[in-house]
2 protein chains.
Amino acid sequence: MNFSIAEENYIKNIYHLQQQSELVNTNSLAYELQTKPASVTDMLKKLQVKNLLDYEKYKGFRLSSKGNKVAINIVRRHRLWEFFLVTKLGFEWDKVHAIAEELEHVSNQELIQKLDRFLNHPQTDPHGDPIPDGNGKMPVIHQLSMADVVEKKKVIVSSVGNQSPAILELLNHYHINIGTEIKINQRFSFDGSIEIKVGKYAACIISELVAKNIFVYHD
Amino acid sequence: MNFSIAEENYIKNIYHLQQQSELVNTNSLAYELQTKPASVTDMLKKLQVKNLLDYEKYKGFRLSSKGNKVAINIVRRHRLWEFFLVTKLGFEWDKVHAIAEELEHVSNQELIQKLDRFLNHPQTDPHGDPIPDGNGKMPVIHQLSMADVVEKKKVIVSSVGNQSPAILELLNHYHINIGTEIKINQRFSFDGSIEIKVGKYAACIISELVAKNIFVYHD
DNA sequence: ATATTTTTTTAGATTTGTCTAAAAATTAAT
DNA sequence: ATTAATTTTTAGACAAATCTAAAAAAATAT
Ligand SMILES: [Mn+2]
Ligand SMILES: [Mn+2]
Ligand SMILES: [Mn+2]
Ligand SMILES: [Mn+2]
């Protein structure tokens, strides 16, 4: 079955919202898609008719198992293209989302299968998110963003999302490299900054933006 | 300026039809786009309003200079993606057109510029067609398909569009390789087949399909 | 020159996806 | 338990892109 770009964008965003809460509501999906609640309701009906959605008026909605499969396939395409854009074309990690948002809708099975092989079956996209395989299976990722690590944990830097000279300069200043051990001391909710301790250096604070771009191994 | 997928498909196909005849007519464009003449007329008006088209009712139409620039840009994207699909992803030359037909509409300047660099600024697509540069300049191509060579001409094989074992087996049988000198004896209009003479072997006939896939240097 | 055929355009309808404004249902507050 | 606020849905309109059927213009044939 083939879906329109609009349908695919709805499906994918429902999928993402479901990662946070079992049932999705009209307003949050409208916000996510930058559209109006009335438009969402219209589309929900169409998706329900196509058996992609479990939906009861006024009661919220969730993807059906069929809808879930479709969603994971779109996510797969999106993340593979993001990986391609960063590793092959040399894009910065923060510039690829908008482009992948378009590329994900080129839905040719063989294209994605060949792209996956060309990229050597990557496990995570440039933001550290897992790339589902052709059967929809998500790889278990041990790597995660430092912005998501709990306090008091010791971690080891596995990769850096942003390859720009600007962040590399900053990481150098913090004495952070691939393999560096970092202890998360405390997270400040005001701006999402985190106090960390790197090796034997004095504790210091990194911004939320920096934390998001440092990926670490977790035990 | 940004154009819809439908608009881009119209613009590109008008461009291609113009290569054969200065003025384009409604029916042939409708045929090319697999749509109805009435739909074409509708779109022509829209393109005229956007200054992409010189159009007078009942008198045929052609792209404006602005429309031409847009068209060449779409052609550039299409051919770069085709080149990518064949050389990087390992597609057969005859499978890439439909996919490039979709990819060409992902219109991000930086994406195309980086793709071009990644591919090492290719001059021709897998079908031997020239790839315009970022300024719309078409490279002068000395290579052309044997299906386009005039009779009595001697040529040298430069490349083969189709890399499949099936055609390679056949070319082997004809004693044709890269660098082989071929004389075009006669073209038969019934099926587009061509009688050729390869080296000192007896003259033989190749099908139009084979001829289209043999690219040659021309003096 | 008139009639016939072909090409092109118009008129009006349809599908998809969107919107605003108003109504209905649900949830929260008094 | 009413009232008020929020959320969701409906009703009706609109733009883009398409279609069919009919009218108009141009090209061709007699
Ligand atoms: Mn998208
Ligand atoms: Mn991502
Ligand atoms: Mn296209
Ligand atoms: Mn081509």
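To find a chain, count down the sequence lines: A is the first, B the second, and so on, and within it residues start at 1. These numbers were taken from a predicted model, which means no experiment stands behind them. Computed over heavy atoms, backbone and side chain alike; hydrogens, waters and symmetry mates excluded.
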*Minimum-distance nucleotide to A/Met43 side chain [options: C/dT18, D/dA26, C/dT10]*: C/dT18
*What nucleotide, of C/dT10, C/dG17, C/dC19, holds the atom closest to the side chain of A/Ala6?*
C/dG17
*Measure from CG on A/Asn9 to P on C/dG17 and round the result to the nearest Å.*
11 Å
*What residues, two or more places apart in sequence or in another chain, satisfy side chain to side chain contact (heavy atoms under 4.5 Å, CB included) together with B/Glu32?*
B/Asn13, B/Leu17
*Scan A/Tyr10 against the nucleic acid and name what it touches under 4.0 Å (heavy atoms): base, sugar-phosphate only, or nothing.*
sugar-phosphate
_Integer-rounded Å distance: C/dG17 P and A/His105 NE2_ = 12 Å
*From the list C/dT26, D/dT9, D/dT18, which nucleotide is the closest neighbour of the side chain of B/Asp42?*
D/dT18
_Five-pair end axes of the helix from C/dA1-D/dT30 to C/dT30-D/dA1 and the angle they enclose, rounded to 10°_ = 10°
*Using a strict 4.0 Å threshold on nitrogen-to-oxygen distance, state whether B/Arg76 and B/Asp116 make a salt bridge.*
yes
*asked:* Side-chain N or O of A/Thr35 versus OP1/OP2 of C/dT18: is the shortest distance under 4.0 Å?
replied: no
_Spacing of B/Phe3 atom CZ relative to D/dA15 atom P, expressed in whole Å_ = 20 Å
*side chain to side chain contact (heavy atoms under 4.5 Å, CB included) with A/Leu119: which residues, sequence neighbours excluded?*
A/Leu80, A/Phe83, A/Phe84, A/Thr87, A/Lys88, A/Leu115, A/Pro122
_Quick check for you: among C/dT20, D/dA17, D/dT18, whose closest atom lies nearest to any side-chain atom of A/Lys36?_
C/dT20
*Counting only heavy atoms not in B/Gln19, do more than 12 fall under 6.0 Å of its CD?*
yes
*Roughly, in whole Å, what's the span from CZ in B/Phe61 to P in C/dT7?*
14 Å
*Are A/Arg77 and A/Glu82 close enough for a salt bridge, meaning some N to O gap below 4.0 Å?*
no
*Would you say a side-chain N or O of B/Thr41 is under 4.0 Å from OP1 or OP2 of C/dT10?*
no
*So, B/Arg79 and B/Glu104, do they make that salt bridge, N to O below 4.0 Å?*
no
*asked:* Need one value for A/Tyr55: base, sugar-phosphate or nothing, where a base atom within 4.0 Å counts as base even if backbone is also close, heavy atoms only.
replied: sugar-phosphate
*Could you give the CG-to-P distance, from A/Leu33 to D/dT8, as a whole number of Å?*
14 Å
_SB check A/Glu7 A/Lys46 (cutoff 4.0 Å)_ = no
*If you look at every strand shown and take non-hydrogen atoms under 4.0 Å, does B/Thr26 touch a base, only sugar-phosphate, or nothing?*
sugar-phosphate
*Does a nitrogen or oxygen in the side chain of B/Asn27 sit under 4.0 Å from OP1 or OP2 of C/dT6?*
no
*Looking for any heavy atom pair under 4.0 Å, which part of the strands does B/Lys46 touch: base, sugar-phosphate only, or nothing?*
base
*Give the rounded distance in Å between these two atoms: CD of A/Gln48 and P of D/dT8.*
16 Å
*Which is true for A/Asn25 with a 4.0 Å heavy-atom rule: it touches a base, it touches only sugar-phosphate, or it touches nothing?*
sugar-phosphate
*asked:* Pick the closest DNA chain C nucleotide for B/Leu44 and for A/Ile5 by heavy atoms, then say which residue is nearer the 5' end.
replied: B/Leu44
*A/Glu7, nearest nucleotide to its side chain (from D/dT20, C/dT10, C/dG17)*: C/dG17
*Once you round it to whole Å, what is the distance between P of D/dT9 and NZ of A/Lys59?*
12 Å
*asked:* Using a strict threshold of under 4.0 Å (side-chain N to carboxylate O), is an ion pair present between A/Lys114 and A/Glu110?
replied: yes
*First of A/Gln34 and A/Tyr58 reached from the 5' end of DNA chain C, by closest nucleotide*: A/Gln34
*Starting at atom NZ of A/Lys45, determine the distance to atom P of C/dT18, rounded to an integer number of angstrom.*
14 Å
